[in-house]
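Single-structure report; data block below.
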Amino acid sequence: MIEASNITKSYNDTNPILRDVSFSVDKGEMLFITGPSGAGKTTLLRLIGALERPNKGSIIIGGQDITKMHPNSLPFLRRNFGLIFQDLKLLMDRNVFDNVALPLFISGYSRSEIPKRVRAALDKVGLMHKEMSMPITLSGGEQQRLCIARAIINRPAILLADEPTANLDEAYEREIIEILKDFNRVGVTVIMATHNVNIVRSMHVKNIYLERGAIVT
Amino acid sequence: MSFLFSHIDAVNHSIKQIFKQPIHGILNIIVFSLSIGLPLLFLIIVNNVSKYSTSLSADPQISLFLSKNISQNSISNIEDILKKSPQVSQYTFISKQTALANFQARDDLKDLIMSIEDNPLPDAFIVKPSSTEPKIIEQFEKEASTIAGVEDVQVDSDWLKKLHVFLTTSRMTLVLLTILLATSLVVIVFNTIRLQILIQQKEIEISKLIGATNSFIRRPFLYFGAFQGFIGGGGALFLNWSFLSLFNHYLHKLANLYNSILVISGPSPKQMLFVLAIGVTLGWMGAWVASSKHLKYLEYQ
């Protein structure tokens, strides 16, 4: 489903963030990208999510090379991904409902469809009762679950999670991983970047380890 | 349908933004109103003066004095030329006898005329030009002076020339003033939208990351700019209406003293619609420039 070949990304000529990275992920598979801070995990996720373009190489998703797509088509492609950001990227001046509904407004869903979908997503992450709460009043784990609800609201085929358990205690960490595993079980391809190798060890899933922008086998 | 919803949401959002910061919004609308209202007022005044000058110059006349001993044949020839000339609207022949009789009819000149033995007055054609344009009148004056039998051509158009120069200069000033104020309006909207964008920067960034198109992000700002322009245009019309009502009140009093009627008429419904359209267009333009500039920074690298 996703095939990345020889991806190189650099913001200057001297120090590439990613060097000749190649890997593939099947449909419905779960992949962990691990490595120390600064290894290029976030950049790799941003490239897969079509948020940035590599300097070299190709990323084929569903038979289409997304690195060659016209910029005007990219917003529509991004709607097929569920993105969970390391810094959450929540709108602190909007309540839980509005945060989750944002992708639906962007995709042009009808007003009658939006509340149903939002409540279904909130239910899945256990935040149904917090619908009208402001994100600032939520705990770290709840904020992360809110972020997941927003990511899955469009029923994406691919879920890209960048350090979703960072800054969470062990209980919350397990909770988030379980939620992601649940989505994976129903056929969603999950790619998760983490620096926490213990999570990967506890699960028997595909893993690539990045160090200084290259895959270490 | 979803396209329509998206527009309705954008309209709602932009109206909310106006009411979110009422003081800022009111100040902006005042600046808009003044920027559109000032050239509009100037335009109204120039148009009224122009209209008034047309009515004043409705009967400017050119006198063609003929040679003293001109034959009847030559008079007919000149009449033919005047009849065919496109620069002539109408003409009247005044024979020297008629001219003398007219003078004799005047009490103040009666004694003087009676003391003259011969009729010193020439035959003449009084011509009304087809246009009050100084250039056309000047051209006719030149052509008429070359007609055989025409001794002298007198045009009383100096005041007309001055008025035309004044109106042309006013119109040019109006154009420059309009360009200046329109530019300032675009800059004001640009700045307002830029501030709005900065306030909503995070929302824009997140929306872009999760699949919002540039038009989706730009839409509420465009409506916001257009609304401000529309309200500003309405404000400009209101300012003009208020000013003209007050001005006409005093003008009416002044005109009464001279037994005359003078009223500065305001913009026509068509012009009012045009003012509103200009407001909307300028607001929309400013918003487009500001939002495009910001979106450029968020483009896919």
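By the 6.0 Å contact criterion, CZ on Phe230(B) is open, its count of non-hydrogen atoms from other residues, nucleotides or ligands being 12 or less. Within 6.0 Å of CZ in Arg185(A) there are more than 12 heavy atoms belonging to other residues, nucleotides or ligands. Surrounding CG of Leu254(B) are more than 12 heavy atoms belonging to other residues, nucleotides or ligands, all under 6.0 Å away. Heavy atoms from other residues, nucleotides or ligands lying under 6.0 Å from CZ of Arg79(A) number more than 12. For CE of Met285(B), the number of neighbouring non-hydrogen atoms (other residues, nucleotides, ligands) closer than 6.0 Å is 12 at most.
Within residues 174-204 of chain B, the residues having any heavy atom closer than 4.5 Å to a heavy atom of chain A are Lys202(B), Glu203(B), listed by residue number.
Closest non-hydrogen pair, Pro103(A) versus Ile210(B), comes out as CG-CD1, 3.7 Å. Closest approach of Pro75(A) to Ala212(B), counting heavy atoms only: CB-O, 3.7 Å. Nearest approach of Phe105(A) to Phe216(B), heavy atoms of both residues: O-CE1, 3.5 Å.
Side-chain atoms of Arg111(A) and Ile8(B), non-hydrogen and from C-beta on, do get closer than 4.5 Å to each other.
Every residue two or more places apart in sequence or in another chain that forms a ring pair (Phe, Tyr, Trp, His ring centres under 6.0 Å) with Tyr223(B) is listed here: His7(B).
Taking CG from Leu83(A) and CG from Leu209(B), the interatomic distance works out to 7.0 Å, rounded to the nearest 0.5 Å. Remark: Ile206(B) CD1 to Leu102(A) CG distance equals 7.5 Å, nearest 0.5 Å. Atoms OG and CG, on Ser207(B) and Leu91(A) in that order, are 7.0 Å from each other to the nearest 0.5 Å.
For Leu90(A), the part lying under 4.5 angstrom from a heavy atom of chain B is the backbone only.
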